Amino acid sequence: MTQPDDTRAGLTGEAGCRAAGKRVAVVGATGAVGRVMLELLNERAFPADEIVLFASARSAGAQIDGRTVQLLDDNADLSGFHIALFSAGAGTSREWAHRFVAAGAVVIDNSSAFRHDPSVPLVVSEVNPHALQHHRGLIANPNCSTMQLMVALAPIHRAVGIERLIVSTYQSVSGTGRKAIDELDAQAGADLRGEAMPDPVLYPDHIAFNVIGAAGNFAEGDDHTDEERKLMFETRKILEDESIAIAVTCVRVPVRVGHSEAVNVQTQEPVTADRVRELLGDAPGIILEHVPSPLRAAGRDEVFVGRIRRDESHPRAFSMWVVSDNLRKGAATNAVQIAELLVADRAGSPVS
Ligand SMILES: NC(=O)c1ccc[n+]([C@@H]2O[C@H](COP(=O)([O-])OP(=O)(O)OC[C@H]3O[C@@H](n4cnc5c(N)ncnc54)[C@H](OP(=O)(O)O)[C@@H]3O)[C@@H](O)[C@H]2O)c1
């Protein structure tokens with residue numbers, strides 16, 4: 001069903017030469033991630049001759065940036081795309097990603113549909129671009145909370161090894177999508193006007209002026225949420241280290257954009273807080289600050305790391321606070337960076 005690997009973007013010298021003249025599909029273009037994807041393709045001057053936007057019947061025909069959103073259905077023309085950026089949920093990816101691949105595109109998928117597949121590389125552009133070498137037309141983007149964590153942890157993992165992680169996330173509502181931002185705004189607006197808040201729809205409790213101690217959903221019989229399971233699985237796959245012990249709690253907070261994480265890292269070899277600062281200060285995609293915040297990280301592509309301090313309860317542990325824009329580096333920026341690597345045929349070298 002799929003084409004041989006070497007006909008695809010980013011695997012041959014010939015593909016590298018085709019940098020100009022790419023046709024790019026953005027599937028889920030009207031969503032929280034899809035809209036940022038489009039902004040980034042423009043902002044980073046991605047070498048695309050044509051960008052085609054797809055969504056469901058709910059918004060087909062809408063205009064975004066002078067382009068008409070196309071309906072993704074059996075009549076859609078999938079031919080001639082070099083790259084397809086998917087952010088339309090796992091169900092849509094399962095139904096459509098292979099069809100784009102069969103028509104010749106490389107699909108970079110933001111959903112959880114293919115992350116567990118051992119034949120699908122799960123890539124953070126600064127961390128494991130080498131994994132792209134083995135793609136067969138499908139590449140998975142990690143979950144947003146895993147993404148920012150990987151950027152901050154990879155330099156530590158490389159230098160001194162990681163034995164155990166204890167992570168607590170403070171995840172913004174945009175991580176749930178466009179409708180969740182509206183839900184937060186509607187509840188907060190009503191409360192500030194002295195009215196009763198509308199009932200929660202997307203979350204099990206009100207999110208305005210509240211904290212929900214379980215981000216994600218519980219699978220039958222599991223006491224961890226799917227967000228927590230994603231972070232555990234994806235961390236080990238990306239760092240290529242099954243030995244890392246991970247304890248994680250994912251929490252939803254009433255922030256529009258930007259996920260924050262309190263991270264305790266137990267290393268294999270001893271490391272000082274100063275050495276951690278040095279390692280992260282030299283790493284691509286990281287900005288060190290004293291106390292980063294999601295409001296200030298929103299709209300930025302970097303991962304902000306602060307509060308780096310020794311864990312006085314353990315001789316080989318330190319703590320840090322990691323913040324990033326979940327719609328940008330947590331999703332769209334990384335997808336576009338992967339596309340840039342493929343187009344430039346630089347799949348083996350880190351992006352800055
Ligand atoms: N939000 C984040 O921070 C984040 C981070 C990493 C990964 N992701 C993943 O990215 C994906 C999208 O997330 P989001 O937050 O952008 O969600 P969203 O705001 O709800 O947007 C969903 C998008 O998918 C489109 N869509 C839904 N069903 C479709 C179908 N059957 N055919 C074609 N298009 C369809 C929607 O189009 P309509 O306008 O027609 O409904 C919309 O454009 C999800 O898989 C999510 O897990 C999100």
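Note that ligands are numbered from 1 as they come in the structure, with each ligand's atoms numbered from 1 the same way. Keep in mind that this is a model prediction, so the values were computed, not measured. Values below: all heavy atoms of this structure, side chains included; hydrogens, waters and symmetry mates excluded. Numbering starts at 1 and runs along the sequence shown.
- In the vicinity of Ser111, heavy-atom distances shorter than 4.0 Å reach the ligand 1 atoms 45 (O).
- Only the backbone of Ala29 comes within contact range of ligand 1, with a heavy atom under 4.0 Å; no side-chain atom does.
- For atom 22 (C) of ligand 1, the nearest non-hydrogen atom from the set Ala60, Pro142, Gly34, Ser87 comes from Ser87.
- Looking from atom 38 (P) of ligand 1 to the surrounding protein, the closest heavy atom is Ser59 OG, 3.2 Å.
- The number of heavy-atom neighbours closer than 6.0 Å to CZ of Arg316, taken from other residues, nucleotides and ligands shown, is above 12.
- Tyr203 pairs by the ring-ring contact (aromatic ring centres under 6.0 Å, His included) definition with nothing, not counting sequence neighbours.
- In terms of protein heavy atoms, atom 26 (N) of ligand 1 is closest to Ala88 CB, 3.8 Å.
- Side-chain contact between Glu126 and Lys329 is present, with heavy atoms from C-beta onward closer than 4.5 Å.
- Ile238 pairs with exactly one of Val124, Val123, Leu153 by the side chain to side chain contact (heavy atoms under 4.5 Å, CB included) rule, that one being Val124.
- In terms of N/O distances under 3.5 Å, ligand 1 is approached by Gly31.
- Every residue meeting the side-chain contact (heavy atoms from CB on, under 4.5 Å) condition with Asp222, not counting sequence neighbours, appears here in chain and number order: Ala219, His224, Arg229.
- Nearest protein heavy-atom contact of atom 16 (O) of ligand 1 is Val33 N, 2.9 Å.
- Shortest contact from atom 8 (N) of ligand 1 to any protein heavy atom: Asn110 O, 3.9 Å.
- Between Lys237 and Glu234 there is no salt bridge, since none of the side-chain N atoms of the basic residue sits less than 4.0 Å from a carboxylate O of the acidic one.
- On a distance-only criterion, Ser112 and ligand 1 share no N/O pair closer than 3.5 Å.
- Close approach to Gly89 involves these atoms of ligand 1, each under 4.0 Å from a residue heavy atom: 11 (C), 44 (C), 45 (O).
- Atom 32 (N) of ligand 1 has as its closest protein heavy atom Thr92 CG2, 3.7 Å.
- Taking 4.5 Å as the limit, every side-chain heavy atom of Asp325 sits out of range of all side-chain heavy atoms of Thr333.
- Within the 4.0 Å heavy-atom cutoff, Leu327 counts among the residues contacting ligand 1.
- Checked by atom type and distance alone, the side chain of Thr146 never pairs as donor or acceptor with a backbone atom of Thr235 at under 3.5 Å.
- Summarising the local packing, CG of Leu202 is surrounded by more than 12 heavy atoms from other residues, nucleotides or ligands at distances under 6.0 Å.
- Between Gly330 and ligand 1, not a single N/O pair is under 3.5 Å apart.
- What sits closest to atom 40 (O) of ligand 1 on the protein, heavy atoms only, is Ser56 OG, 2.6 Å.
- From the protein, the heavy atom lying nearest to atom 3 (O) of ligand 1 is Asn326 ND2, 2.9 Å.
- Counting heavy-atom neighbours within 6.0 Å of Arg164 CZ, excluding the residue itself, gives a total of 12 or less.
- Heavy atoms only, all atoms of each residue included: His206 and Pro198 are closest at NE2-O, 3.0 Å.
- Here's the thing with Thr30: one of its N/O atoms is less than 3.5 angstrom from an N/O atom of ligand 1.
- The atoms of ligand 1 that sit less than 4.0 Å from any heavy atom of Ala55 are 33 (C), 34 (N), 37 (O), 40 (O).
- Only the backbone of Ser174 comes within 4.0 Å of ligand 1, counting heavy atoms alone; no side-chain atom from C-beta on gets that close.
- Taking only nitrogen or oxygen atoms, main chain and side chain alike, Ala57 does not reach within less than 3.5 Å of ligand 1.
- Remark: Glu312 CD is loosely packed, at most 12 non-hydrogen atoms of other residues, nucleotides or ligands lying under 6.0 Å away.
- Here's the thing with Cys144: none of its N/O atoms is less than 3.5 angstrom from an N/O atom of ligand 1.
- In this structure, Phe86 and Phe100 have perpendicular ring planes: the angle between them is above 60°, well past the 30° mark.
- Val255 and Ser172 make their closest contact through O-CB, 3.1 Å (heavy atoms, listed as atom of the first residue, atom of the second, distance).
- Checking only distances, Arg178 does come within under 3.5 Å of ligand 1, N or O to N or O.
- Proximity to Gly175 (heavy-atom distance under 4.0 Å) selects the following atoms of ligand 1: 1 (N), 2 (C), 3 (O).
- Polar contact check, Lys179 against ligand 1: no nitrogen or oxygen pair lies under 3.5 Å apart.
- Short contacts between ligand 1 and Ala331, defined as distances under 4.0 Å to a heavy atom of the residue, involve ligand atoms 5 (C), 6 (C).
- Nearest non-hydrogen protein atom to atom 17 (O) of ligand 1 is Gly177 CA, 3.8 Å.
- Backbone and side-chain nitrogen or oxygen atoms of His259 are examined, and none is located within less than 3.5 angstrom of a nitrogen or oxygen of ligand 1.
- Glu183 places none of its side-chain heavy atoms less than 4.5 Å from the side chain of Thr176.
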